[in-house]
Amino acid sequence: MCCFSQEVEYVAGTNIFARPAKSGGQFLVYSMTLKAKSDLSMILPIPTPKASKEDAVNFINLEKYADFFDDMRKGFPEPVVKSRGPALGGAPTPKPEPKLVVVEVGSFVASFVPTVKDFSRLDEQFKLPEGTWDKLPQYKEYGFAVFKLKKGEHKVHPMAFEFPRADKSKLFFPTVHIHDGKVHERANFDHALFCQEADTQMKWRESPQPAQFFMKKADQAQGIVNTKGHVYRLQMVGTYKNDDIWV
(Lines give C-alpha, C1' and ligand atoms only; values in the text may rest on other atoms or scores of the structure.)
Protein backbone atom coordinates (compact mmCIF):
# COMPACT_ATOMS: atom_id res chain seq x y z
CA MET A 1 0.00 0.00 0.00
CA CYS A 2 1.42 3.33 -1.06
CA CYS A 3 -0.55 5.17 1.62
CA PHE A 4 0.24 8.67 2.85
CA SER A 5 -1.07 10.58 5.88
CA GLN A 6 -1.01 13.88 3.96
CA GLU A 7 -1.77 14.68 0.36
CA VAL A 8 1.17 14.30 -2.01
CA GLU A 9 1.74 16.15 -5.26
CA TYR A 10 3.07 13.06 -6.99
CA VAL A 11 4.58 9.64 -6.42
CA ALA A 12 6.54 7.82 -9.10
CA GLY A 13 9.06 5.07 -9.67
CA THR A 14 7.89 2.74 -6.93
CA ASN A 15 10.05 -0.37 -6.44
CA ILE A 16 9.23 -3.23 -4.06
CA PHE A 17 11.31 -6.32 -3.30
CA ALA A 18 10.05 -9.31 -1.30
CA ARG A 19 11.65 -12.56 -0.16
CA PRO A 20 10.90 -15.16 2.52
CA ALA A 21 13.11 -14.92 5.62
CA LYS A 22 14.63 -17.94 7.35
CA SER A 23 12.62 -17.04 10.43
CA GLY A 24 9.42 -17.76 8.49
CA GLY A 25 8.75 -14.07 8.08
CA GLN A 26 9.26 -11.87 5.05
CA PHE A 27 11.75 -9.26 3.92
CA LEU A 28 10.30 -6.18 2.25
CA VAL A 29 12.20 -3.33 0.59
CA TYR A 30 10.33 -0.26 -0.67
CA SER A 31 11.50 2.81 -2.57
CA MET A 32 9.90 5.63 -4.55
CA THR A 33 10.21 9.27 -5.59
CA LEU A 34 7.70 11.72 -4.13
CA LYS A 35 6.89 15.39 -3.72
CA ALA A 36 4.87 16.72 -0.77
CA LYS A 37 4.19 20.14 0.73
CA SER A 38 4.32 18.98 4.35
CA ASP A 39 5.98 16.34 6.53
CA LEU A 40 4.02 13.13 6.34
CA SER A 41 4.14 9.41 6.90
CA MET A 42 4.00 6.51 4.50
CA ILE A 43 2.00 3.62 5.93
CA LEU A 44 2.48 0.05 4.79
CA PRO A 45 -0.09 -2.47 6.07
CA ILE A 46 1.58 -5.83 6.62
CA PRO A 47 -0.14 -9.18 7.30
CA THR A 48 1.43 -9.89 10.69
CA PRO A 49 0.07 -12.50 13.13
CA LYS A 50 -2.67 -11.21 15.42
CA ALA A 51 -1.44 -9.55 18.63
CA SER A 52 2.12 -9.15 17.38
CA LYS A 53 4.39 -7.35 19.84
CA GLU A 54 5.69 -3.84 19.21
CA ASP A 55 9.19 -5.15 18.50
CA ALA A 56 7.99 -7.79 16.03
CA VAL A 57 9.29 -5.86 13.02
CA ASN A 58 13.03 -5.52 12.44
CA PHE A 59 13.82 -2.34 10.49
CA ILE A 60 16.96 -2.56 8.34
CA ASN A 61 19.07 0.44 7.38
CA LEU A 62 19.87 0.48 3.65
CA GLU A 63 21.17 4.05 3.57
CA LYS A 64 24.57 2.73 2.41
CA TYR A 65 22.89 0.83 -0.41
CA ALA A 66 20.77 3.64 -1.84
CA ASP A 67 21.17 2.17 -5.33
CA PHE A 68 19.73 -1.21 -4.27
CA PHE A 69 17.05 -1.09 -6.96
CA ASP A 70 19.35 0.44 -9.56
CA ASP A 71 21.49 -2.68 -9.27
CA MET A 72 18.46 -4.97 -9.26
CA ARG A 73 17.21 -3.48 -12.52
CA LYS A 74 20.59 -4.29 -14.06
CA GLY A 75 19.66 -7.94 -13.68
CA PHE A 76 17.02 -7.44 -16.38
CA PRO A 77 18.85 -6.07 -19.44
CA GLU A 78 16.57 -4.92 -22.19
CA PRO A 79 17.15 -6.46 -25.64
CA VAL A 80 18.86 -4.19 -28.14
CA VAL A 81 16.54 -3.38 -31.01
CA LYS A 82 18.21 -2.48 -34.28
CA SER A 83 16.70 0.44 -36.14
CA ARG A 84 17.28 2.01 -39.55
CA GLY A 85 16.50 5.45 -38.22
CA PRO A 86 16.37 7.46 -34.98
CA ALA A 87 14.23 6.11 -32.18
CA LEU A 88 10.84 7.73 -31.78
CA GLY A 89 9.11 8.45 -28.45
CA GLY A 90 10.15 6.96 -25.09
CA ALA A 91 8.95 5.20 -21.96
CA PRO A 92 6.35 7.15 -20.45
CA THR A 93 -8.44 13.89 27.07
CA PRO A 94 -8.39 10.54 28.58
CA LYS A 95 -5.05 9.44 29.93
CA PRO A 96 -2.72 9.37 26.96
CA GLU A 97 -1.29 6.02 25.91
CA PRO A 98 2.48 5.66 25.68
CA LYS A 99 3.94 6.69 22.34
CA LEU A 100 5.06 3.95 19.98
CA VAL A 101 8.74 3.16 19.72
CA VAL A 102 10.50 5.14 17.01
CA VAL A 103 13.54 3.71 15.25
CA GLU A 104 16.06 5.71 13.24
CA VAL A 105 16.57 4.01 9.88
CA GLY A 106 18.96 6.04 7.77
CA SER A 107 17.44 9.35 6.68
CA PHE A 108 14.01 8.72 8.23
CA VAL A 109 12.40 7.28 11.36
CA ALA A 110 10.06 4.31 11.48
CA SER A 111 7.57 2.69 13.83
CA PHE A 112 5.62 -0.57 13.90
CA VAL A 113 1.94 -0.01 14.68
CA PRO A 114 0.54 -3.39 15.84
CA THR A 115 -3.16 -2.66 15.17
CA VAL A 116 -5.44 0.00 13.68
CA LYS A 117 -6.39 1.26 17.16
CA ASP A 118 -2.71 1.90 17.95
CA PHE A 119 -2.63 4.76 15.44
CA SER A 120 -4.05 6.84 18.31
CA ARG A 121 -0.52 6.75 19.72
CA LEU A 122 0.97 8.57 16.74
CA ASP A 123 1.05 12.34 16.24
CA GLU A 124 -1.94 13.66 14.28
CA GLN A 125 0.23 14.66 11.34
CA PHE A 126 1.17 11.05 10.72
CA LYS A 127 -2.31 9.48 10.82
CA LEU A 128 -4.79 8.88 8.02
CA PRO A 129 -8.02 10.93 8.00
CA GLU A 130 -10.67 9.77 10.47
CA GLY A 131 -12.74 6.90 9.09
CA THR A 132 -10.26 5.79 6.40
CA TRP A 133 -9.59 2.40 7.97
CA ASP A 134 -13.36 1.73 8.11
CA LYS A 135 -13.26 1.70 4.31
CA LEU A 136 -10.46 -0.86 4.33
CA PRO A 137 -11.80 -3.79 6.39
CA GLN A 138 -9.19 -6.15 4.90
CA TYR A 139 -6.60 -4.54 7.20
CA LYS A 140 -8.58 -5.12 10.41
CA GLU A 141 -6.10 -7.76 11.63
CA TYR A 142 -2.98 -6.26 10.05
CA GLY A 143 0.00 -4.48 11.58
CA PHE A 144 1.53 -1.39 9.99
CA ALA A 145 5.05 -0.18 9.21
CA VAL A 146 5.05 3.63 9.38
CA PHE A 147 7.85 5.74 7.93
CA LYS A 148 7.98 9.48 8.68
CA LEU A 149 9.20 11.47 5.68
CA LYS A 150 10.18 15.08 5.12
CA LYS A 151 8.36 17.53 2.88
CA GLY A 152 9.75 18.49 -0.51
CA GLU A 153 10.75 16.58 -3.61
CA HIS A 154 13.16 13.71 -3.17
CA LYS A 155 13.94 10.09 -3.90
CA VAL A 156 13.67 8.10 -0.70
CA HIS A 157 16.47 5.61 -0.12
CA PRO A 158 15.17 2.04 0.18
CA MET A 159 13.08 1.38 3.29
CA ALA A 160 13.60 -2.17 4.45
CA PHE A 161 12.36 -4.44 7.22
CA GLU A 162 11.63 -8.03 8.18
CA PHE A 163 8.19 -8.89 9.57
CA PRO A 164 6.50 -12.07 10.85
CA ARG A 165 3.87 -13.44 8.45
CA ALA A 166 0.41 -14.61 9.37
CA ASP A 167 0.49 -16.72 6.18
CA LYS A 168 3.93 -18.22 5.57
CA SER A 169 2.93 -19.67 2.20
CA LYS A 170 2.77 -16.37 0.28
CA LEU A 171 4.72 -13.19 -0.30
CA PHE A 172 2.92 -9.88 0.19
CA PHE A 173 3.34 -6.67 -1.82
CA PRO A 174 1.63 -3.57 -0.33
CA THR A 175 0.30 -1.85 -3.46
CA VAL A 176 -3.06 -0.33 -2.44
CA HIS A 177 -2.95 3.44 -3.09
CA ILE A 178 -4.16 6.27 -0.83
CA HIS A 179 -2.57 9.53 -1.94
CA ASP A 180 -5.37 12.01 -1.21
CA GLY A 181 -7.05 10.59 1.89
CA LYS A 182 -9.59 8.72 -0.23
CA VAL A 183 -9.96 5.07 -1.19
CA HIS A 184 -10.45 4.72 -4.96
CA GLU A 185 -11.54 1.53 -6.74
CA ARG A 186 -8.82 1.87 -9.38
CA ALA A 187 -5.45 3.63 -9.26
CA ASN A 188 -2.52 4.60 -11.46
CA PHE A 189 0.47 2.33 -10.95
CA ASP A 190 4.13 3.04 -11.74
CA HIS A 191 5.56 -0.01 -10.00
CA ALA A 192 8.29 -2.57 -10.48
CA LEU A 193 7.89 -5.59 -8.20
CA PHE A 194 10.83 -7.91 -7.54
CA CYS A 195 10.98 -11.16 -5.59
CA GLN A 196 12.90 -14.34 -4.89
CA GLU A 197 11.90 -17.82 -3.78
CA ALA A 198 8.23 -17.42 -4.66
CA ASP A 199 5.74 -19.29 -6.83
CA THR A 200 5.67 -16.66 -9.56
CA GLN A 201 3.38 -16.83 -12.55
CA MET A 202 4.39 -16.62 -16.20
CA LYS A 203 3.93 -12.85 -16.37
CA TRP A 204 6.92 -12.44 -14.02
CA ARG A 205 10.25 -12.17 -15.84
CA GLU A 206 13.24 -14.13 -14.52
CA SER A 207 16.70 -12.58 -14.37
CA PRO A 208 19.10 -14.37 -16.73
CA GLN A 209 21.74 -14.58 -13.97
CA PRO A 210 21.78 -15.10 -10.19
CA ALA A 211 21.72 -11.94 -8.06
CA GLN A 212 25.46 -12.09 -7.26
CA PHE A 213 26.22 -10.91 -10.79
CA PHE A 214 24.31 -7.62 -10.52
CA MET A 215 23.77 -6.85 -6.81
CA LYS A 216 27.28 -5.42 -6.50
CA LYS A 217 26.98 -4.37 -2.84
CA ALA A 218 25.13 -7.41 -1.57
CA ASP A 219 27.05 -7.26 1.72
CA GLN A 220 25.28 -3.94 2.41
CA ALA A 221 21.91 -5.64 1.84
CA GLN A 222 22.37 -7.44 5.19
CA GLY A 223 21.02 -10.81 4.06
CA ILE A 224 17.88 -9.50 2.37
CA VAL A 225 18.90 -10.86 -1.03
CA ASN A 226 19.81 -14.47 -1.81
CA THR A 227 22.83 -13.80 -4.02
CA LYS A 228 22.85 -17.34 -5.40
CA GLY A 229 19.23 -17.18 -6.54
CA HIS A 230 17.60 -15.58 -9.53
CA VAL A 231 15.27 -12.58 -9.20
CA TYR A 232 11.81 -12.22 -10.71
CA ARG A 233 10.27 -8.95 -11.87
CA LEU A 234 6.74 -7.76 -12.65
CA GLN A 235 6.19 -4.34 -14.21
CA MET A 236 2.89 -2.58 -13.40
CA VAL A 237 2.50 0.69 -15.28
CA GLY A 238 -0.98 2.02 -15.97
CA THR A 239 -4.40 1.81 -14.31
CA TYR A 240 -5.13 -1.26 -12.21
CA LYS A 241 -7.57 -2.42 -9.54
CA ASN A 242 -6.54 -0.71 -6.32
CA ASP A 243 -5.46 -3.81 -4.44
CA ASP A 244 -2.44 -5.52 -2.89
CA ILE A 245 -0.47 -8.24 -4.68
CA TRP A 246 0.13 -11.73 -3.30
CA VAL A 247 2.50 -14.29 -4.78
Side-chain angles (χ1 to χ4, degrees), residues 1-3 10-22 25-34 42 44-47 60 62 65-81 87 89-92 145 147 155-163 165 167-177 186-247:
M1 174 192 242
C2 190
C3 171
Y10 73 79
V11 181
T14 299
N15 297 283
I16 309 174
F17 172 79
R19 186 174 79 86
K22 291 182 179 180
Q26 177 186 319
F27 290 114
L28 189 76
V29 186
Y30 197 108
S31 178
M32 78 286 181
T33 299
L34 84 158
M42 185 184 76
L44 298 178
I46 45 179
I60 303 168
L62 288 186
Y65 202 174
D67 49 356
F68 177 93
F69 284 110
D70 292 332
D71 280 358
M72 189 157 285
R73 281 191 293 272
K74 292 175 184 176
F76 298 85
E78 297 300 328
V80 177
V81 179
F147 296 87
K155 182 177 180 180
V156 181
H157 77 68
M159 296 169 278
F161 56 94
E162 178 185 348
F163 67 92
R165 292 184 288 176
D167 183 351
K168 294 182 175 64
S169 67
K170 298 179 181 180
L171 288 180
F172 174 76
F173 292 84
T175 52
V176 164
H177 293 45
R186 297 181 67 81
N188 291 323
F189 281 65
D190 181 14
H191 288 47
L193 309 183
F194 301 88
C195 72
Q196 289 185 300
E197 303 167 28
D199 185 15
T200 53
Q201 300 173 4
M202 291 188 66
K203 57 185 177 180
W204 288 72
R205 180 183 171 188
E206 182 179 0
S207 64
Q209 297 177 307
Q212 62 185 326
F213 290 99
F214 49 89
M215 300 301 291
K216 299 303 182 181
K217 293 187 289 186
D219 56 322
Q220 298 290 348
Q222 303 174 61
I224 292 175
V225 178
N226 175 6
T227 57
K228 296 182 179 180
H230 289 233
V231 178
Y232 296 82
R233 183 186 72 179
L234 175 66
Q235 300 272 57
M236 298 182 69
V237 180
T239 303
Y240 293 84
K241 182 180 178 182
N242 196 12
D243 208 349
D244 295 316
I245 304 295
W246 291 84
V247 177

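Given the structure is predicted, the values throughout are model-derived calculations rather than measurements.
Using modelled atom types, no side-chain atom of Asn242 and backbone atom of Val176 make a donor-acceptor pair closer than 3.5 Å. Judged purely by atom type and a 3.5 angstrom limit, His230 uses its side chain to pair as donor or acceptor with the backbone of Ser207. With hydrogens and angles ignored, the 3.5 Å screen pairs no side-chain donor or acceptor of Gln222 with any backbone N or O of Ile60. Panel note: side chain Asp244, backbone Pro174; no donor-acceptor pair is recorded below 3.5 Å.
Two residues are said to be in side-chain contact when any heavy atoms from C-beta on lie closer than 4.5 Å; Ser31 and Phe17 fail this criterion. Between Lys217 and Asp219, the closest side-chain pair of non-hydrogen atoms falls below 4.5 Å.
Tyr232 contributes atom OH, which lies 9.0 Å from atom CD of Gln196 (distance to the nearest 0.5 angstrom). For the atom pair OH of Tyr10 and CG of Asn188, the computed distance is 15.5 Å after rounding to the nearest 0.5 Å. Arg73 contributes atom CZ, which lies 5.0 Å from atom CG of Asn15 (distance to the nearest 0.5 angstrom). Expressed to the nearest 0.5 Å, how far CE of Met72 lies from CE of Met215 amounts to 4.0 Å.
Between Phe189 and His177, the ring planes lie tilted relative to each other; the angle falls in the 30° to 60° range.
The shortest heavy-atom contact between Lys170 and Gln26 is O-OE1, 4.1 Å. In this structure, Phe173 and Cys195 approach most closely via the heavy-atom pair CZ-CB, 3.8 Å. Between Leu28 and Ala18, the closest heavy-atom pair is CD1-CB, 4.3 Å. For the residue pair Asp243 and Thr175, the shortest heavy atom distance occurs at O-OG1, 2.6 Å. Minimum heavy-atom separation, Pro20 to Arg165: CB-NH2, 3.8 Å. Closest approach of Ala145 and Phe161 over heavy atoms only: CB-CZ, 3.9 Å.
Results of the side chain to side chain contact (heavy atoms under 4.5 Å, CB included) test with Leu234 over Thr200, Leu193, Val247 single out Leu193 as the only residue that passes.
With respect to the salt-bridge test (charged N to carboxylate O, under 4.0 angstrom), the residues Glu197 and Lys22 do not qualify. Under a 4.0 Å N-O distance rule, the pair Lys216/Asp67 does not qualify as a salt bridge.
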Notebook entry, point to check: Is there a side chain to side chain contact (heavy atoms under 4.5 Å, CB included) between Asp167 and Phe172 once you walk through the steps?
Noted result: CA-CA 9 Å; Asp167 183 351; Phe172 174 76; over 6 Å; no
Open item on the list: Pair Met42, Tyr30 - check side chain to side chain contact (heavy atoms under 4.5 Å, CB included), show working.
Closed with: CA-CA 11 Å; Met42 185 184 76; Tyr30 197 108; 3.6 Å; yes
For Ile245 and His191, run side chain to side chain contact (heavy atoms under 4.5 Å, CB included): C-alpha distance rounded to whole Å, both residues' side-chain angles, the deciding distance at 0.1 Å, then the answer. CA-CA 12 Å; Ile245 304 295; His191 288 47; over 6 Å; no
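Ring centroids of Phe68 and His157 are separated by 6.0 Å or more, keeping the two rings apart.
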